[in-house]
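What follows is a set of notes on a single structure, which appears directly below.
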Amino acid sequence: MDRIRIVGGNELSGNIPISGAKNAALPLMIASLLTDGTLTLENVPHLADVEQLTRILGNHGVDYSVNGRRLRQSEAYSRTVNFTARNIVDTTAPYELVSKMRASFWVIGPLLARMGEARVSLPGGCAIGTRPVDLFIDGLQALGATIDVESGYVIAKAKNRLRGNRYVFPKVSVGATHVLMMAASLARGETVLENAAREPEIVNLADCLNAMGAKVSGAGTSTITIDGVDQLSGASVRVIPDRIETGTYAMAVAMTGGDVVLEGAEPDLLQSALDVIAQTGAEITPTNEGIRVRRNGAGIAPVDVTTAPFPGFPTDLQAQFMGLMTMAKGKSHITETIFENRFMHVQELARLGAHITLSGQTAIVDGVSKLKGAPVMATDLRASVSLVIAGLAAEGETLVNRVYHLDRGFERLEEKLSGCGAVIERISG
Ligand code: UD1
């Protein structure tokens, strides 16, 4: 198993290109199931999760081809990929595939809407809480589907096409909003989704559906209206820049000090996180190329954060922010409201010398003046990158084990960081 070796202590300076967003690319790829035309997605990141979903879609009959590689870029960088679901050959998404990535459960929406049936295994994914699927089931039932859960599979049927309806999400869910938007696009009549997720990835998917001929309005607000159409066609859509990758590298610079331009990053996608990073003492400046992050001299100020659905502080940046706060000049409180059990990085950060105590869903971080490198274990995608950030600021050598978590969501992490002066390398085997 690969490991990442970091020798901490260097400031970061230079440019880091921001990749296409994993969490936007996945639902856009799944939307290709809605049409027999070709969906061309630009800026698709080269990540383990994208490859895994490509395999799952292939199982349903989706062909794909890659083009548009940019000059001087290796195949490991974001690229343009065409997905064509001319014929759906199988409406079952099996356990062996779905258990590896929770988002693959989302194929249930388009398969049901286009084929009138779907049999999808209950999902797996990161070990960060129970992550049920009740909202998907409720919402699809509201659109007229009949749903049974049998032997670990959700079996959804809609004999005479889904019907538009009003559905109020009892809880904000990104995935369930994606799925109901896709399903309602091919339903008969109008659907109104209330208390919908407002994440930028939802807007990216709505734009994609509209480019395919759907009638979706209100995405980005909590009420989304979808006027169902009989069929959708192919389209060409660009994946938005990854706001979590952007925030992660911004926090890395805030922690190590230095001066980095995050190329292609869009401030609007993560304003709440940028505001918090600025409060810690870093200087954040939007530029023509992206976002410039600088921190010189002064220490890191402690800041309290509570995670919340967009436009609040993202849960996907909570672990990284905790990494940053371990070296703040004072105490900070970090409260997680989206997922239970999303503090697995706490004990690993403690191995580097961090002082953190847990009280329910709040972590109290008492900043220390220095961290010391140590072997640590990556436990999930975002937790593992918090260890990388901390390792960059720690004295001496940090070895991050179980790097496959990082490969699910961060494109060329070690290359991007070493390009800015970090001592970081992958050790294979
Ligand atoms: C997506 C993101 C993930 C991010 C999360 C929250 C992708 C691929 N993943 O995950 O990186 O951390 O949004 O921003 O985009 N819930 C239920 N019942 C359901 C569905 C969800 O109770 O049927 C709960 C979850 O357990 C959680 C909360 O709702 O407590 C929010 O989850 P949700 O927004 O659905 O997360 P994902 O879409 O899985």
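Each ligand, and each atom within it, is numbered from 1 in the order the structure gives. Positions are given from 1 along the sequence.
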If hydrogens are left out, which of [options] has an atom nearest to [atom], that is, the closest non-hydrogen atom?
atom	options	answer
atom 11 (O) of ligand 1	Ile202, Ile137, Thr177, Asp316	Asp316
atom 21 (C) of ligand 1	Ser173, Pro123, Ala308	Ser173
atom 33 (P) of ligand 1	Ile338, Leu26, Val174	Val174

Quick check against the 3.5 Å criterion: does Ser272 have a side-chain atom that pairs as donor or acceptor with the backbone of Gly312?
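The answer is yes, because a donor-acceptor pair under 3.5 Å joins these two groups.
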
Would you call [X] a ligand 1 contact, heavy-atom distance under 4.0 Å?
X	result
Pro132	yes
Glu201	no
Arg342	yes
Val172	yes

At a 4.0 Å threshold, what atoms of ligand 1 neighbour a non-hydrogen atom of [X]?
X	answer
Thr315	6 (C), 12 (O), 14 (O)
Phe136	20 (C), 23 (O)
Trp106	7 (C), 8 (C), 15 (O), 38 (O)

So which bit of [X] gets within less than 4.0 Å of ligand 1, heavy atoms only: side chain, backbone, both or neither?
X	value
Arg102	side chain
Leu135	both
His178	neither

Is [X] in polar range of ligand 1, meaning some N or O pair under 3.5 Å apart?
X	value
Arg382	no
Asn23	yes
Gly175	yes
Asp134	yes

Got a salt bridge between Asp380 and Arg408, using NZ or NE/NH1/NH2 to carboxylate O under 4.0 Å?
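Not counted as a salt bridge, because no side-chain N and carboxylate O are separated by less than 4.0 Å.
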
Rounded distance [0.5 Å steps], SG in Cys420 versus CG in Leu392:
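Spacing of SG (Cys420) from CG (Leu392) equals 10.5 Å.
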
Mind checking what makes salt bridge (charged side-chain N to carboxylate O under 4.0 Å, His left out) contact with Arg295, not counting sequence neighbours?
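If we apply the salt bridge (charged side-chain N to carboxylate O under 4.0 Å, His left out) test to Arg295, skipping adjacent residues, there are no hits.
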
Run the salt bridge (charged side-chain N to carboxylate O under 4.0 Å, His left out) test against Asp207 and tell me which residues pass, sequence neighbours left out.
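Checked Asp207 against salt bridge (charged side-chain N to carboxylate O under 4.0 Å, His left out); zero matches.
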
Given side chains that start at C-beta, do those of [X] and [Y] come closer than 4.5 Å, heavy atoms only?
X	Y	result
Arg382	Leu317	no
Ile137	Val149	yes
Val388	Phe410	no
Val133	Ile108	no

Inspect the surroundings of CZ in Arg5 and state if more than 12 heavy atoms from other residues, nucleotides or ligands are less than 6.0 Å away.
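Yes.
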
What closest approach, in Å, do Ile224 and Gly218 show between heavy atoms, and which atom pair accounts for it?
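Scanning both residues completely, I find the closest heavy atoms to be CG1-O, 3.9 Å.
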
